[in-house]
Amino acid sequence: MDDDVLLAEQMAYYRAGAAEYDRPYAAYEQLQRLLSAVDDLPIGGDVLELACGTGQWTPRLAARGRSVTAVDASAEVLALARARTASPTVRFIQADLFEWRPPRRYDTVFFAFWLSHVPPKRLPDFWNSVAAALAPGGRAVFIDDGPAAATDEEVLTDQPTPAALRRLDDGSEYRIVKVFHEADTLKKDLAARGWSVHVRVEAENFIGVAEPPSIG
C-alpha cells in the first residue's frame with residue numbers, strides 16, 4: 001500500500017468525519033485527564049500546534065503561550081477549531097503537514113495524536129522538520145496512543161504501513177495510518193537522532209517532551 005494513497009484516505013476520513021471528531025473527548029475520562037495534563041507541561045512562548053483538529057488542545061495552549069499557530073490540512077475541522085477558540089493570539093493555517101514548512105521558529109512545537117498518523121518511513125523527515133521549527137532552547141511536546149490503545153482499534157494486519165480501519169456514522173470506511181509507539185523504543189529512536197527526550201506512560205497513552213540536537 002503506497003503511503004500517499006493511505007494518507008489521502010486518512011485525510012478523507014478526517015474531512016468526512018469532522019462532525020464526529022469530538023465524541024471521544026466527551027466519552028473518555030482519560031482524554032479529559034490528558035487535556036488537563038497540558039497545564040503541567042513545559043509549554044510557553046510562541047507555540048506551533050501540528051494537526052490541531054477541532055481545537056480541543058488549542059485554547060489550553062493559548063492560555064500557556066504568547067501566541068499559537070495551529071495547523072491542520074482539513075478545512076472542516078479547522079472551521080470547528082475557529083469556532084471553539086476565541087483568543088486573538090491564535091492563528092489557524094490550512095496546510096498539508098507533510099509539505100508545509102513554517103516561515104519562522106517557535107519556542108514550543110505541540111502535537112497530540114498526530115505522531116501515530118505519520119508513516120514510519122516519513123518519521124526521520126518529520127522529526128527533522130520539528131527540529132527546524134524550534135527556536136534555540138525550544139521543545140517538542142507530544143501526546144499519543146501507546147500499544148495498549150490498539151485494543152480500541154480495528155488494526156489491519158499484513159500491511160506495509162501500520163494501519164487501522166475507521167468507520168463513520170454513515171457506514172463509510174477509511175484506512176488510516178496508525179502506529180502504536182512503544183515509549184522505550186520512541187525514546188531510543190529519538191536519542192539516536194541526538195534528541196534529549198523524556199516519555200512517560202499515562203494509561204493507554206504517553207506524553208513526551210523532547211529537545212532537538214544542538215546545532216553548531
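- Neither side chain, Ser87 nor Thr85, offers a donor N or O lying under 3.5 Å from an acceptor on the other.
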Exercise. Between Arg105 and Asp46, is a salt bridge (charged side-chain N to carboxylate O under 4.0 Å, His left out) present by the stated rule, with each step listed?
Worked result: CA-CA 8 Å; Arg105 292 191 169 197; Asp46 295 316; over 6 Å; no
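- Looking at Val179 and Leu115, their side chains never come closer than 4.5 Å, going by heavy atoms from C-beta outward.
- No more than 12 heavy atoms of other residues, nucleotides or ligands sit less than 6.0 Å from atom CZ of Arg91.
- Between Asp40 and Arg64 there is no salt bridge, since no side-chain nitrogen of the basic residue lies less than 4.0 Å from a carboxylate oxygen of the acidic one.
- Residues Asp72 and Gln94 have side chains that never bring a donor and an acceptor to within less than 3.5 angstrom of each other.
- Judged as a ring-ring contact (aromatic ring centres under 6.0 Å, His included), the pairs with a partner in residues 155-175 (not counting sequence neighbours) are, in order, Tyr13-Tyr174.
- Residues Phe126 and Phe111 place their aromatic rings such that the two centres sit under 6.0 Å apart.
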For this session: I would like to know whether Glu49 and Thr58 meet side-chain hydrogen bond (donor to acceptor under 3.5 Å, both in side chains); could you show each step before the answer?
Result: CA-CA 8 Å; Glu49 182 183 10; Thr58 313; 2.7 Å; yes
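- The closest side-chain donor-acceptor pair between Ser116 and Asp145, if any, does not fall under 3.5 angstrom.
- Of all heavy-atom pairs spanning Arg84 and Pro59, the tightest one is CG-CG, 4.3 Å.
- Remark: Asp3 does not engage Lys121 in a salt bridge, criterion side-chain N to carboxylate O under 4.0 Å.
- Looking only at distances, no side-chain donor or acceptor of Thr54 sits under 3.5 Å from a matching main-chain atom of Val77.
- A ring-ring contact (aromatic ring centres under 6.0 Å, His included) check over residues 58-106, counting only residues at least two apart or in different chains, returns the pairs Phe98-Trp114.
- Minimum interatomic distance between Glu173 and Glu9 (heavy atoms only, all atoms of both residues): O-OE2, 4.3 Å.
- The distance from atom CG of Leu61 to atom OG of Ser67, rounded to the nearest 0.5 Å, is 11.0 Å.
- Heavy atoms only, all atoms of each residue included: Gly55 and Ala81 are closest at N-CB, 3.6 Å.
- The CD1 atom of Ile176 lies 12.5 Å from the OG1 atom of Thr161; values are rounded to the nearest 0.5 Å.
- Arg175 contributes atom CZ, which lies 11.0 Å from atom CG of Leu7 (distance to the nearest 0.5 angstrom).
- Judged purely by atom type and a 3.5 angstrom limit, Ser74 uses its side chain to pair as donor or acceptor with the backbone of Glu76.
- The side-chain hydrogen bond (donor to acceptor under 3.5 Å, both in side chains) check on Glu182 picks up nothing, with sequence neighbours excluded.
- Ring centers of His117 and Tyr14: under 6.0 Å apart, within the cut-off.
- For the side-chain hydrogen bond (donor to acceptor under 3.5 Å, both in side chains) test, residues two or more places apart in sequence or in another chain that qualify with Arg33 are Glu29, Gln30.
- When every heavy atom of Val201 is checked against every heavy atom of Ala183, the shortest pair comes out as CG2-CB, 3.9 Å.
- Of all the heavy atoms in Val177 and Val118, the pair that sits closest is CG1-C, 3.9 Å.
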Show me the donor-acceptor pairs within less than 3.5 Å that the side chains of residues 185-198 make with the rest of the protein, sequence neighbours left out.
none

Report, one line per pair, each donor and acceptor closer than 3.5 Å where one atom sits in a side chain of residues 131-140; sequence neighbours left out.
unit_1	atom_1	unit_2	atom_2	d
Arg139	NE	Glu211	OE2	3.4

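- No donor-acceptor distance shorter than 3.5 angstrom exists from the side chain of Glu20 to the backbone of Ala18, with no hydrogens or angles considered.
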Exercise. Is there a salt bridge (charged side-chain N to carboxylate O under 4.0 Å, His left out) between Glu154 and Arg167 once you walk through the steps?
Worked result: CA-CA 10 Å; Glu154 188 172 338; Arg167 295 180 177 83; 2.5 Å; yes
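- Classified by interplanar angle (parallel below 30°, tilted 30° to 60°, perpendicular above 60°), the ring pair Phe110/Trp57 is tilted.
- Between the CG atom of Asn205 and the CZ atom of Arg200 there is a distance of 11.0 Å, given to the nearest 0.5 Å.
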Problem set entry | Evaluation steps, salt bridge (charged side-chain N to carboxylate O under 4.0 Å, His left out), between Asp169 and Arg23 | CA-CA 12 Å; Asp169 286 351; Arg23 288 181 187 169; 2.6 Å; yes
